[in-house]
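Being a predicted model, the structure only gives us computed values, none of them experimental.
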Amino acid sequence: DAGDPADGLYFVAAGQVASDVRMKNLAGRRRLSTMAAGSSFGELALVDGRTRSTRIVALEPTICYVLGPDEFAELRRRDPASAAELVLAISRMLSARLRSSTADVAAFEADG
């Protein structure tokens, strides 16, 4: 849930999850994205270690694997090339999400 300690990067192996956020100006929550098997979430836990920024809910029975900060540190120590590839993949994912959010804001402003 938003505000909980960030404990790792989650890889969705089966099922489907959604991220949603409580909207302060609106009643209830708004779904930000849906992630199916092959997706991941929680990457900020490995990047900044701060608390979770959104709530994740399982939309159906789901299996996730977790890479925690300690395991990530061990990966960086044992296999720096693989860790660098993971960091690059995380960077690409964050870039895509930022571009999508920027487009959403631009569309919202155009409608307003």
Quiz item: Among pairs that include at least one residue of residues 66-100, which meet ring pair (Phe, Tyr, Trp, His ring centres under 6.0 Å), considering only residues two or more places apart or in two chains?
Solution: none
Practice problem: Would you indicate whether the side-chain heavy atoms of L9 and L86 approach each other to under 4.5 Å? | Solution: yes
Quiz item: What residues, two or more places apart in sequence or in another chain, satisfy side chain to side chain donor-acceptor pair (under 3.5 Å) together with R77?
Solution: E74
Exercise. Before giving the answer on side chain to side chain contact (heavy atoms under 4.5 Å, CB included), spell out for V87 and L46 the whole-Å C-alpha distance, their side-chain angles and the decisive distance to 0.1 Å.
Key: CA-CA 9 Å; V87 168; L46 300 183; over 6 Å; no
Exercise. Consider only side-chain heavy atoms of I, L, V, M, F, W and Y, link residues closer than 4.5 Å, and tell whether F11 and L94 are in one cluster.
Key: yes
Self-check item: T51: partners by side chain to side chain contact (heavy atoms under 4.5 Å, CB included), with sequence neighbours left out
Solution: none
Quiz item: What pairs meet the salt bridge (Lys or Arg N to Asp or Glu O under 4.0 Å) rule with one or both residues in residues 85-97, with sequence neighbours excluded?
Solution: E43-R97
Quiz item: Apart from Y10 itself, what residues make up its hydrophobic cluster when side-chain heavy atoms of I, L, V, M, F, W and Y under 4.5 Å apart count as a link, directly or indirectly?
Solution: V12, V17, M35, F41, I56, V66
Practice problem: Write out all pairs satisfying side chain to side chain donor-acceptor pair (under 3.5 Å) with one or both partners inside residues 61-72, taking only residues at least two apart or from two chains. | Solution: none
Quiz item: Just by modelled atom types, is the L98 backbone N or O under 3.5 Å from a matching donor or acceptor in the T102 side chain?
Solution: yes
Exercise. Mark yes or no for whether S100, through its side chain, and A96, through its backbone, hold a donor-acceptor pair below 3.5 Å.
Key: no
Quiz item: Is there any salt bridge (Lys or Arg N to Asp or Glu O under 4.0 Å) pair reaching into residues 2-14, and which pairs are they, with sequence neighbours excluded?
Solution: D7-R52
